[in-house]
Amino acid sequence: MNSNGESKPEPVDPEMLVRMLEIEMIQKRAARQQASARRNTWRAASFLFLFIVLLAASFALYFVFSSGRLDEMRSRNGPPVTATPASSPSR
């Protein structure tokens with residue numbers, strides 16, 4: 001800044017501007033890399049959760065079909081309903 005009280009701007013040092021721009025770009029790049037790392041962590045956790053859910057569902061289906069529980073549930077509900085032919089009007 002000018003300390004002599006005049007309103008003339010100081011001459012700009014191009015090397016200092018380049019250094020400041022470089023520092024700013026380095027900071028922005030570091031922030032982008034941190035955001036990318038967080039996003040990748042969430043993505044990996046999401047895929048892991050999906051894998052666990054699918055594994056649990058497949059285990060449950062295997063257990064239901066292999067243990068005969070499905071047959072027990074069918075027998076509790078009574079005999080299956082069968083379609084009967086509709087009665088035709090008498091002539």
Handout entry: Minimum side-chain heavy-atom gap Met25-Lys28 below 4.5 Å
Key = no

Exercise for the section: With rounding to the nearest 0.5 Å, note down the distance linking CD1 in Ile52 to CZ in Phe47. Expected result: 14.0 Å

Problem - 4.5 Å side-chain heavy-atom contact, Met16 and Leu21 - result: no

Handout entry: Atom CD of Gln33: over 12 foreign heavy atoms under 6.0 Å
Key = yes

Practice task
Hey, could you give me the CD/CZ distance between Glu22 and Arg19, rounded to the nearest 0.5 Å?
Solution key: 9.5 Å

Problem - Backbone N/O of Arg32 and side chain of Ser36: donor-acceptor pair under 3.5 Å - result: no

